[in-house]
Enquirer: 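Here it is, the structure in full.
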Amino acid sequence: MLEINILRTDKQRVIEGLTKRNFTPERLKLVDQIVEMDDRRKFVQTNLDQLLARVNANSKEIGSLFKAGDKSQAEVLRQEVTNLKGQIKELENEQNRLIDDIETALIELPNIPHSSVRQGKSADDNEVYKDWSGPMPEFEGFDPLPHWDLAEKYNIIDLKLGVKLTGSGFPVFRGKGAKLERALINFFLDEAEKAGYEEIMPPLMVNEETARATGQLPDKEGQMYHIERDKFYLIPTAEVPVTNILRGEILSAADLPVQLTGYTPCFRREAGSYGSDVKGLNRVHQFDKVEIVQIAHPDQSYKVLSRMLEHVEQLLIKLELPYRILRLCGGDMGFTSALTFDFEVFSAAQRKWLEVSSVSNFETFQSNRLKLRFREEDGKPQLVHTLNGSALALARIVAAILENNQDSEGVKIPRVLQQFTGFERI
RNA sequence: GGAGAGGUGCUCGAGUGGUUGAAGAGGCACGCCUGGAAAGCGUGUAUACCGCAAGGUAUCGAGGGUUCGAAUCCCUCUCUCUCCGCCA
C-alpha cells in the first residue's frame, strides 16, 4: 500500500507513475479523491480530539469535586459531558468511515514505478536488459525432445501420477528426478548462505493477517489455495511467511540489511490458462522455489537490488543455462513492485524463454502494510525498503536442464550439481 | 476432542473505577565516579494521528457495552499456555 503522504508531497511523480501503469484519466481522479477524504479526516479528528479533551478535563474535575463534596457543581459538569456524547459518537463514526474509505481507495493504487521503468501494455513491451550472447545448445543427429517426453522416457517426473494423486499440475518427481530436484534446492540454499543469507524454513500455510501484510490479500485471493475450516492460506511463495517474520518491528539502522532465504514448495491456483504454455512443468500448481529476501535501508535498496541480480545471474551461469534479463514495463510489472527484473532461461526443445526468477524492489509499498520500520541513531522510525527474488524457481529450471543437456543416451547433469546429485547423467 | 489458566511497555511483573502511558525490577543509552573496569549514584528509555506551535487525542490481545470517568466492571471474538485424550 502506498504511503498516503506521497500523494500530497509527490503528486506529480504519482500521476506519472500511474500513467506508466496505464491508468486512465478517469482512474487518476482517485488520487485527488483520496487526498480530499484525508483532508476531511484530519478536520474531523481535530474536532473530535477537542471534544474528547473536554470530556477528559471534566471527568478529572468531577473526581476532585466529589472528593471535595461539591455534588451540585459535579452534576453540572456531568451533564455537559452527557450532552457532548452524541456529537462525539457522530464524529467517531465519520472518522471510522473515512479511514475505511481511504484505505479501500488506497489499496486500489499500485506501487509507483521506478524512473527507469517504461510505459507499456504487456509482456511484449518489456525491455531486454541483458541478452544472451553465448552459444545456444546444439543437437547433432537428432531432434531434442521437450522435457515432458524426457520425463517420461527416463521415468523421472510423472505428471499422470500426479493427476491420480491430486490433479493436474501436481507433478511427481521420482528416482533421479527427485534427486535432481533435491540437489537444486541444496545448491541454491548453499549459494544463498555463502552470499550472507540466513536460511529460514517457514510454515507453508499462513493466516489471513500474514497474507494481507505482503499484499496477497485482498488483490490476489483467487491465486491462493484456501483452507476454509482453519482460515489458512497455502503460500504462493516463501516471500509471504519470510517477509512477515519482521512484521511490526522497528529495527536499528545497524541491523540493515537483513538477508533471509528460504526453500518452500509454492502453491498456485493459476486459473484460466491453457495451451502449450501450461504443458509439462511450464506452469504447475505446486513447485519448489528458493527465495531470497532483503530488508534494506532506503538509500541502499537499489544497490541491494543489483547485488541480488548478480546473485541470480551467477546461479544461471553456474548451471550453464542460456539466460536473459528483462526489465519489466509498467504494464507487466506486479502490483506491489517499483522495479522488477525477470530472468528467463532458454529451453531448447520448446525453443522458448521460460521465466525462472523475478527480482523486485518494493520500496516502502510492502513495509507500509507490514509496519516494518527502522530507526537511525536518535532519529524517528521510518519505513524500510523490502526486496525479494526467486533464486530460483525449480520446475522450469529442471525443464531447461533436461531439454538443453539431453543427448541421444540421456541427460547430462550440470557440473556444479554433480556433487549434490551424486550422479553425472540421467 | 474434553477441562482449566491467562494475554499489561524492550523483558519480567504490579495494578479491580478517578492526575496510571501505566508502580517496581531488569535491560539498554547517556552522565558522574575510576588509572581503567566492576560496583554505586543520577538522568533518560513506546507508537500512531491531529496541530505552525504550545499542546491535544488514542493505544494495557481485538471489537462492542456500562459510567462523568475503565488496564480495572459486563458481553462477543481471538490467541497463548497447562492437564487429559489422540498422534508423526
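As the structure is a computational prediction, the values presented were derived from the model and not from experiment.
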Enquirer: So Phe420(A) and Ile185(A), do their side chains get closer than 4.5 Å, heavy atoms only?
Expert: no
Enquirer: Would you indicate whether Glu193(A), at its atom CD, is surrounded by more than 12 heavy atoms from other residues, nucleotides or ligands within a distance under 6.0 Å?
Expert: no
Enquirer: What is the base-pairing partner of G44(B), counting Watson-Crick and G-U wobble geometry with both distances under 3.5 Å?
Expert: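 Pairing partner: C28(B).
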Enquirer: Could you tell me how far C60(B) sits from C73(B) if I compare only their C1' atoms? Round to whole Å.
Expert: 16 Å
Enquirer: Looking at Arg8(A) and Asp39(A), is any side-chain nitrogen of the basic one under 4.0 Å from a carboxylate oxygen of the acidic one?
Expert: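 Yes, Asp39(A) and Arg8(A) are salt-bridged.
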Enquirer: Nearest to the Ser59(A) side chain among G18(B), G56(B), U47(B), which nucleotide is it?
Expert: G18(B)
Enquirer: Would you tell me if any nitrogen or oxygen in the side chain of Lys85(A) comes within less than 4.0 Å of OP1 or OP2 on G69(B)?
Expert: yes
Enquirer: Flag the pair Thr264(A) / Ile235(A) as yes when at least one side-chain heavy-atom distance between them is below 4.5 Å, and no otherwise.
Expert: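 The answer is yes; the side chains approach within 4.5 Å.
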Enquirer: Quick check on C50(B): is either OP1 or OP2 less than 4.0 Å from any side-chain nitrogen or oxygen of Lys42(A)?
Expert: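 It does, given that an N or O in the side chain of Lys42(A) lies less than 4.0 Å from OP1 or OP2 of C50(B).
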Enquirer: What's the closest nucleotide to the side chain of Gln45(A) if the choices are U47(B), G51(B), C49(B)?
Expert: C49(B)
Enquirer: Looking only at atom P, what distance separates G13(B) and A25(B), rounded to whole Å?
Expert: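 Straight-line distance between the two P atoms is 16 Å.
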Enquirer: Could you please name the option among U57(B), C68(B), A48(B) that lies closest to any side-chain atom of Ile62(A)?
Expert: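 The listed nucleotide nearest to Ile62(A)'s side chain is C68(B).
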Enquirer: Where each residue is assigned the nucleotide of RNA chain B containing its nearest heavy atom, which of Gly63(A) and Asp49(A) is assigned the position nearer the 5′ end?
Expert: Gly63(A)
Enquirer: Is the NZ or CZ atom of Lys176(A) both under 6.0 Å from the centre of the six-membered ring of Phe423(A) and within 45° of that ring's axis?
Expert: yes
Enquirer: Rounding to the closest angstrom, what is the interatomic distance between A37(B) and A23(B) at atom P?
Expert: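 It works out to 32 Å between them.
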Enquirer: Quote, to the nearest angstrom, the C1' distance that separates C83(B) from C77(B).
Expert: 25 Å
Enquirer: Whole-Å distance between U67(B) C1' and Phe66(A) CZ?
Expert: 11 Å
Enquirer: For atom C1', what is the distance between G26(B) and G9(B), given to the nearest Å?
Expert: 13 Å
Enquirer: I need the CG-P distance between Leu52(A) and G69(B), as an integer number of Å.
Expert: 11 Å
Enquirer: Want to settle it: does Asn96(A) or Lys231(A) sit nearer the 5' end of RNA chain B, counting the closest nucleotide to each?
Expert: Asn96(A)
Enquirer: When the distance from CG of Asp255(A) to P of C10(B) is rounded to whole Å, what number comes out?
Expert: 16 Å
Enquirer: State which of U47(B), C68(B), G65(B) makes the closest approach to the side chain of Thr82(A).
Expert: C68(B)
Enquirer: Looking only at atom P, what distance separates A71(B) and G61(B), rounded to whole Å?
Expert: 10 Å
Enquirer: Expressed in whole Å, how much space separates the C1' atoms belonging to G21(B) and C10(B)?
Expert: 16 Å
Enquirer: Identify the nucleotide, in any strand shown, that forms a Watson-Crick or G-U wobble pair with U80(B), with both distances under 3.5 Å; if there is none, say none.
Expert: A5(B)
Enquirer: For Arg425(A) and Glu409(A): C-alpha separation, side-chain torsions, deciding distance, then whether salt bridge (charged side-chain N to carboxylate O under 4.0 Å, His left out) applies.
Expert: CA-CA 9 Å; Arg425(A) 295 184 56 82; Glu409(A) 316 271 280; over 6 Å; no
Enquirer: Between U57(B), C50(B), A48(B), which nucleotide gets closest to the side-chain atoms of Arg41(A)?
Expert: C50(B)
